[in-house]
Every structure is written in structure tokens, then in C-alpha cells.
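Per chain, numbering begins at 1; letters A, B, ... match sequence-line order.
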Number of protein chains: 2
Amino acid sequence: MSNEQASNIRQVAALAGVSTATVTRSLQYPDRVRPETREKVLAAIKQANFVPNAQARSFRLQSNRTVILLVRDIGNPFYLDIYKGVEEVASEAGYKVLMGDARNDAGRVGAHIDMVRQKHADGLILMTGQFPTEILAQPGLLPPIVIASEAVPGIDLPTVKVDNVAASREAVRHLISSGHREIVHVAGLLPESIASERLEGYRQALTEAGIDLREDLVIPGDYSIDAGRAAVRRLIEAGIRFSAIFASSDEMAIGAISELRIHGRVVPKDVSVIGFDDMIFANAYEPPLTTVRQPRREMGRQAMALMIDRLSGNSTPKIIELETELVIRCSVAPHD
Amino acid sequence: MSNEQASNIRQVAALAGVSTATVTRSLQYPDRVRPETREKVLAAIKQANFVPNAQARSFRLQSNRTVILLVRDIGNPFYLDIYKGVEEVASEAGYKVLMGDARNDAGRVGAHIDMVRQKHADGLILMTGQFPTEILAQPGLLPPIVIASEAVPGIDLPTVKVDNVAASREAVRHLISSGHREIVHVAGLLPESIASERLEGYRQALTEAGIDLREDLVIPGDYSIDAGRAAVRRLIEAGIRFSAIFASSDEMAIGAISELRIHGRVVPKDVSVIGFDDMIFANAYEPPLTTVRQPRREMGRQAMALMIDRLSGNSTPKIIELETELVIRCSVAPHD
DNA sequence: TTGAAAGCGCTAACAA
DNA sequence: TTGTTAGCGCTTTCAA
């Protein structure tokens with residue numbers, strides 16, 4: 001049998017009786033080489049069990065065709081579909097995708113930015129609103145970054161997002177048109193932009209209907225199941241009345257519903273609930289959850305497209321806005 | 001202000017009036033350098049806005065301290081906690097983690113193995129039972145691989161797993177002791193090892209109780225919500241009687257429950273259900289799901305520890321077996 | 001404690 | 001169409 005150990009391009013060249021340049025060409029530009037020569041090279045490669053060293057290649061090319069997808073919290077399945085979208089267009093273009101976890105921590109965002117500056121990856125797709133302030137101070141040192149779903153104030157980067165104000169307004173309107181007036185908003189992490197925009201949509205829908213925004217009905221959360229539970233617990237302990245909840249994630253909606261049930265209130269009979277995202281389990285939940293669908297896969301695709309654009313030298317910071325859709329299922333009932 | 005563009009170690013050396021070796025030493029082995037020299041170097045680094053090029057470093061070191069975590073299906077949140085565990089011990093040891101999606105496709109596993117052979121990463125943590133047969137034929141060419149949760153027949157690799165036979169047997173025993181005898185098993189992807197082992201546990205529990213295994217009660221699935229739905233639909237359409245379901249994932253359990261509800265059967269009153277994994281939503285589901293808890297985070301931690309071991313030259317293929325636990329909640333009721 | 005210099009594996013500019 | 005060769009940025013050996 002053949003050699004077991006890592007060989008290099010020089011050994012292959014020697015074996016095939018050609019130069020290293022010809023080996024490279026046989027591999028990278030097959031048609032710049034005579035077919036017979038190519039044959040010889042390929043045979044030698046096989047015989048030597050040669051596998052090109054990607055590190056050497058990246059080094060030489062000063063690019064490793066890798067992109068980091070940095071998410072707010074990797075425990076949230078929301079990002080799984082985003083990843084799929086990113087990976088689809090990345091792999092078409094010969095890029096790899098590394099997924100990173102920011103753990104809701106600006107410091108870790110900084111660490112990942114450094115990874116790109118150190119050339120561990122060519123670019124960063126950022127899916128968190130947190131951003132290290134010290135880096136904001138020196139925008140000239142920023143590596144290629146694309147923002148997805150979120151926004152970083154005070155910095156102008158290619159972005160793909162959703163119209164959160166409109167989406168949220170539509171959801172709350174739906175609740176209002178079902179007769180609800182005491183509507184809780186389990187918000188995201190305020191004052192970040194997603195959370196603020198959705199709060200704004202909530203406010204707008206309320207105002208349209210002549211309902212005053214009550215601060216005691218707005219409870220921020222971190223998008224987790226537990227945050228939904230905690231919000232309901234807090235409301236009930238404080239003795240606050242409400243007939244509906246608009247939550248800024250499906251997880252929080254589900255946490256809320258589960259906690260309501262513990263306190264003897266069933267959805268939608270006693271309380272109506274709308275979530276956000278349309279996660280895979282939303283439809284399998286009991287009751288099937290009315291929610292705002294986000295085009296996650298498409299968001300991922302567009303974000304990666306923007307990144308490729310940026311990496312190809314195009315540097316106009318585009319903003320792409322995608323459509324959401326209110327998916328009506330069974331967690332909202334009329335209120336009188 | 002300082003230079004904006006990428007500088008290299010030579011420029012820093014020149015600025016500091018030292019050799020490149022001294023710059024490297026100041027960075028990598030601070031105490032092999034006189035404090036004053038170090039100061040000078042650090043000042044120069046700052047002034048030049050120098051960021052070491054990780055690619056060059058990896059190339060030189062022939063290692064990039066990166067590990068690929070390749071999962072069966074990245075759409076499954078099961079792997080999120082695994083990732084967290086892997087990432088925890090990886091980052092402690094200075095490794096990065098790249099997550100890859102095998103999409104239930106042996107070909108894609110082969111592609112990722114090639115990535116490691118090409119030195120895109122130092123090792124591969126494999127979380128799928130699929131494996132390209134052509135690679136099995138040349139085990140000498142295998143890069144560092146650790147298996148987690150699954151098993152690849154005919155190949156001897158460091159592995160961290162769970163006692164699937166025992167876990168599954170315990171779950172089915174619980175159903176039997178609640179009076180159930182017509183127990184469906186929504187299995188995993190047969191004939192892969194996880195699925196076979198759990199089926200074996202199911203068989204053992206049945207046999208102990210003097211119940212014959214009926215093939216029409218065993219339905220394989222791919223661990224997804226839809227697979228759970230499909231299984232129930234198939235059973236009902238075929239007019240097969242059953243009073244309990246043991247599913248090989250929480251998603252399939254939930255899919256099954258949701259589908260049962262559509263057909264007017266409520267859990268646990270009409271049908272009892274046990275899942276597998278204890279995903280985060282299992283406890284927030286209605287009814288809260290009785291399930292087999294897998295120590296996912298710990299599995300990830302151990303897998304990465306095994307990998308570090310392997311990468312440090314230790315090559316005895318250890319097998320680590322972790323404990324599961326039957327978590328009793330509300331989806332099982334007595335049957336008479 | 002420091003410096004000089006070789007070289008990791010590959011690609012591409014240039015020459016033949 | 002093919003070969004020669006410089007060099008990417010870093011680390012490390014060897015010598016001073």
C-alpha cells in the first residue's frame with residue numbers, strides 16, 4: 001500500500017516528475033495543464049496519499065474562507081435556522097461557517113472580533129445587540145462585519161433585519177381587535193434595539209386604540225422559557241390584572257403559558273398569548289401558538305450574501321428588510 | 001493616531017529596535033525577555049496596532065487549535081447543550097469549536113473528515129452513526145476522531161455515551177408498571193446503534209414482563225417532531241390499538257402528543273407518553289413530559305476532554321459511559 | 001538575554 | 001505548457 005503519512009506538494013511533484021507549480025495548477029486550474037501531465041500528477045497524488053494542507057493555503061492566500069456566526073445565546077434554537085441559511089449560501093461560495101456564542105456578553109463579542117482581526121476567519125456575522133464600547137471608538141479597526149436581526153447603535157454596518165415595529169404592532173392590534181385592553185408585553189432585553197422596536201410597535205397599537213401604555217405591564221426578559229415564567233409570576237404576585245400577553249419570543253410565550261397553567265389560568269380561555277419567531281415547536285405546543293413568523297432561514301441567507309458582497313470589496317452598507325407574518329393558531333381568544 | 005492597517009511582526013521589531021524573535025518571545029514567553037525590552041516591544045505593538053496573524057501561526061505550528069463538532073442534524077436543539085459542554089472545556093484549553101451539520105448524510109461526514117485531514121481543524125467530534133464506508137477501509141488515514149452519544153460499528157474510537165439499553169428498559173418498565181401492555185416504540189434511525197440499543201432495552205423490558213414484541217408497534221423515526229406525528233398517524237390509520245408510546249426523542253414525543261390531540265386522544269388520560277433527552281421545553285410542555293434525561297452538557301465536556309487527550313498523543317481509545325435518569329412528570333397515567 | 005536565519009506548504013509572478 | 005523562485009508571518013534553533 002501507499003504511504004500513510006502526510007506528504008507535501010514537493011513530494012508529489014518529485015513523484016510525478018514535474019514542478020510544484022504544475023501540481024498546484026493541476027489542482028486549482030486543471031485546464032492550464034496538459035491532460036497527460038494532469039494524469040501523472042493525479043496518479044502521484046493518489047500514490048502519495050497527498051491531501052493539500054489548507055492551513056498553508058489559507059496562509060498563502062491571506063484568507064481562509066471562513067465566517068463566524070456569532071449569536072446572542074447559542075442555547076436558543078432560534079439561531080439554528082439562521083445557521084442553516086448562512087451555511088447554505090456559504091458552502092455554495094466555498095465558505096465555512098464557525099458558530100460562536102456571545103452569551104449575552106459584550107466582552108465575548110470583542111473576543112470574536114479579535115479572532116477576525118487575527119485572521120481566524122474572514123468575517124463576522126453578528127446576531128446580538130451587545131457591542132464593546134472600546135471598539136466603537138476606533139471604527140477604522142473593524143474587520144468585515146454584517147449584522148443580522150439586531151442593530152448596533154452608532155455604527156453603520158450592512159444589516160439584514162425585520163420590521164420589528166410593524167410586526168409587533170400587528171400582533172398587538174390582533175389582540176386589541178379580539179377585545180383585549182389589558183395587554184402585557186414580555187419584552188426583550190431593553191434598551192437594545194430589537195426590544196425597543198417591538199416595544200414601540202406595542203405602544204403604537206395601544207395608542208391607536210386609545211389605550212395608555214402602562215409601565216407595570218411591560219416586563220423585560222432574555223427570550224428564555226424561564227423569563228416567560230418569571231414575568232407571569234411577577235405579575236400574579238403583584239396582583240396585576242391582564243387578559244393577554246404579547247411575548248417577544250416563543251420561548252417566553254411558552255414559559256408564560258406553562259406558568260399560567262400552574263396558577264390555574266388556561267390559555268386561551270382565561271388569557272390570550274402571542275409569541276414571536278414561530279419556532280418549530282410553536283405548532284406542536286398545546287395550545288398551538290399564535291405567533292409572529294420570522295423568515296429565519298432567509299435572514300441567514302441574506303446575511304451571508306451581504307458578507308460575501310462585503311468580502312468581495314463592496315463596502316456600501318446595505319440594509320435589507322425582510323417580511324414577517326402573523327400566524328394565527330389557537331392561543332388567542334376573544335375577550336369581553 | 002496610529003497606523004490603521006495590518007502590520008506584521010517585522011515592523012514591530014523594527015519599531016522597537018529588536019529582532020522578530022524577541023517580539024515573539026515577548027508575546028509567547030514573557031519571562032524569557034528583559035522587562036525593559038518587553039516594555040519596548042509592547043509599546044511598539046500598540047503603536048503599530050499589531051495583531052498577530054493567527055493563520056501564519058497555525059501554519060507554522062501545524063495546528064490551529066480548532067475542533068469540529070459534527071452533528072447528525074443541526075436543526076435539533078439537542079446538540080446545543082452538547083456544544084456548550086464542548087465549548088467550555090475547549091476554551092479552557094485554548095481550542096475553538098466549529099459546528100458542522102452532517103444532515104444525516106455519510107457523504108457529508110466524509111467531507112468533514114477531509115477537512116481535518118486538510119488541517120482545517122485538529123480533530124473531529126462525531127455525533128452521528130453514519131460513516132462513509134470507503135474511509136472505514138483505510139483506518140490508517142483517519143484523523144483524530146472522538147465519538148459522542150453514538151457509535152460507529154467496526155471502528156474503535158474514543159467514545160462518550162450513555163447506557164441506552166438500560167435507559168430505555170427503565171422507561172418501558174415504568175410504562176409496564178403503570179399497567180400498559182400495548183406499548184408503541186417510536187424508534188430512532190434503525191439500524192444505527194443508538195436506535196438498536198434503545199430498541200433492545202424496550203425488548204428486554206417487554207420480555208421481563210412476558211409481553212411479546214410486536215413489530216407493528218415499532219416505528220422508526222428521525223427524531224423530529226414530524227416523525228412523531230407521522231408515527232401516530234400511521235398507527236391510527238392502520239387501526240392499531242395502543243395505550244402508551246415510548247419515543248426515542250422528546251421532539252418525537254411532542255409530535256406524537258400533538259397528533260394524538262388532533263385525533264381526539266388526550267395525554268395522559270387516553271395515551272401515556274415517555275420521551276427521551278429531557279430537552280428544555282419538556283417541562284414547559286402540556287402535559288409536562290415524562291422523559292429520560294441525558295447529561296448533554298457533561299457529554300460534551302467529556303467528549304472534548306477525550307479529544308484533548310487524543311490530541312496530546314494519548315491514543316488508548318477510552319469509552320466513557322454516563323448516567324441517565326428517568327424524570328417523571330405528567331405524561332404517564334395508570335392504565336387498567 | 002538577544003539576534004540571525006531557516007523554513008513550515010503553498011501560490012503566483014515571471015521567465016523560458 | 002511548464003519551471004524557477006520569492007515570499008506570505010510566524011516560530012525556533014543555534015550561536016553569540
Undergrad: What is the separation between atom CD1 on A:I9 and atom C1' on C:dT11, rounded to the nearest whole Å?
TA: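 So the CD1-C1' distance, A:I9 to C:dT11, works out to 8 Å.
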Undergrad: For residues 74-82 of chain B, dump all side-chain donor-acceptor pairs below 3.5 Å to protein atoms at least two apart in sequence or in another chain.
TA:
residue : atom : partner : partner atom : Å
B:N76   : OD1  : B:F78   : N            : 2.8
B:D81   : OD2  : B:R296  : NE           : 3.1
B:D81   : OD2  : B:R296  : NH2          : 2.9

Undergrad: For B:K40, enumerate each residue passing the salt bridge (charged side-chain N to carboxylate O under 4.0 Å, His left out) test, keeping only those at least two apart in sequence or located in another chain.
TA: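 Once residues adjacent in sequence are excluded, B:K40 has no partner under the salt bridge (charged side-chain N to carboxylate O under 4.0 Å, His left out) criterion.
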Undergrad: Report the distance from atom CZ of B:R57 to atom C1' of C:dG7, rounded to the nearest whole Å.
TA: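 In whole Å, C:dG7 C1' lies 17 Å from B:R57 CZ.
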Undergrad: Roughly how far, to the nearest 0.5 Å, is CG of A:L15 from CZ of A:R10?
TA: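 Here the interatomic distance stands at 14.0 Å.
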Undergrad: I'd like to check the side chain to side chain donor-acceptor pair (under 3.5 Å) partners of B:R25; sequence neighbours left out, ordered by chain and number.
TA: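 Side chain to side chain donor-acceptor pair (under 3.5 Å) check on B:R25 returns nothing, list empty.
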Undergrad: Rounding to a whole Å, what distance do you find between B:Q118:CD and C:dC10:P?
TA: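 Distance, rounded to whole Å: 11 Å.
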Undergrad: Find the distance B:H120:NE2 to C:dC10:C1' and express it as a whole number of Å.
TA: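 So the two atoms are 13 Å apart, to the nearest Å.
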Undergrad: Mind checking what makes side chain to side chain donor-acceptor pair (under 3.5 Å) contact with A:T159, not counting sequence neighbours?
TA: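 For A:T159, no residue satisfies side chain to side chain donor-acceptor pair (under 3.5 Å) once neighbours in sequence are set aside.
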Undergrad: Using the closest heavy atom to pick a nucleotide of DNA chain C for each, name whichever of B:F59 or B:T22 lands nearer the 5' end.
TA: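 Closer to the 5' end of DNA chain C: B:T22.
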Undergrad: Kindly write out the residues that satisfy side chain to side chain donor-acceptor pair (under 3.5 Å) with B:S193, not counting sequence neighbours, or none if the list is empty.
TA: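 For B:S193, no residue satisfies side chain to side chain donor-acceptor pair (under 3.5 Å) once neighbours in sequence are set aside.
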Undergrad: Can I get a per-line list of side-chain donor-acceptor pairs under 3.5 Å for residues 139-146 of chain B, giving both atom names and the distance, sequence neighbours left out?
TA:
none

Undergrad: Which is true for A:V18 with a 4.0 Å heavy-atom rule: it touches a base, it touches only sugar-phosphate, or it touches nothing?
TA: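 A:V18: backbone/sugar contact only, no base atoms under 4.0 Å.
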Undergrad: Between B:Q62 (CD) and C:dG7 (C1'), how many Å, whole number?
TA: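 After rounding, the gap between these two atoms is 11 Å.
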Undergrad: For D:dG9, does OP1 or OP2 lie under 4.0 Å from any side-chain N or O of B:N8?
TA: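 Yes, because at least one side-chain N or O of B:N8 sits under 4.0 Å from OP1 or OP2 of D:dG9.
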Undergrad: At what angle, to 10 degrees, do the two end axes of the helix from C:dT1-D:dA16 to C:dA16-D:dT1 meet, given five pairs define each axis?
TA: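 Roughly 30° between the end axes, to the nearest 10°.
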Undergrad: Look at the side chain of A:S7 and the backbone N and O of A:A48, then say whether any donor-acceptor pair between them is shorter than 3.5 Å.
TA: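 Side chain of A:S7 to backbone of A:A48, a donor-acceptor pair under 3.5 Å: yes, one is there.
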Undergrad: I'd like to check the side chain to side chain donor-acceptor pair (under 3.5 Å) partners of A:S312; sequence neighbours left out, ordered by chain and number.
TA: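 A:S312 satisfies side chain to side chain donor-acceptor pair (under 3.5 Å) with no residue once adjacent residues are dropped.
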Undergrad: Measure the distance from CD on B:Q11 to P on D:dC8 and round it to the nearest whole Å.
TA: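 Interatomic distance, CD of B:Q11 to P of D:dC8: 11 Å.
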Undergrad: With a 3.5 Å cut-off and sequence neighbours excluded, list the donor-acceptor pairs that the side chains of residues 110-121 of chain A form with protein atoms.
TA:
residue : atom : partner : partner atom : Å
A:H112  : ND1  : A:R108  : O            : 2.8
A:H120  : NE2  : B:K96   : NZ           : 3.3

Undergrad: When the distance from NZ of B:K119 to P of C:dG9 is rounded to whole Å, what number comes out?
TA: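 Spelled out: NZ on B:K119 to P on C:dG9 is 9 Å.
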Undergrad: For nucleotides 12-16 of chain C, list the nitrogen or oxygen atoms of the protein found under 3.5 Å from its nitrogen or oxygen atoms, one pair per line.
TA:
residue : atom : partner : partner atom : Å
C:dA12  : OP2  : A:Y29   : OH           : 2.9

Undergrad: For B:F50 and D:dC10, give me the distance from atom CZ to atom C1', rounded to whole Å.
TA: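 In whole Å, D:dC10 C1' and B:F50 CZ are 8 Å from each other.
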Undergrad: For DNA chain C, find the residues of residues 30-44 of chain A with a heavy-atom distance under 4.0 Å and give them by number; none if there aren't any.
TA: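 Nothing qualifies; none.
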Undergrad: Kindly write out the residues that satisfy salt bridge (charged side-chain N to carboxylate O under 4.0 Å, His left out) with B:R38, not counting sequence neighbours, or none if the list is empty.
TA: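 Counting only residues at least two positions away or on another chain, B:R38 forms no salt bridge (charged side-chain N to carboxylate O under 4.0 Å, His left out).
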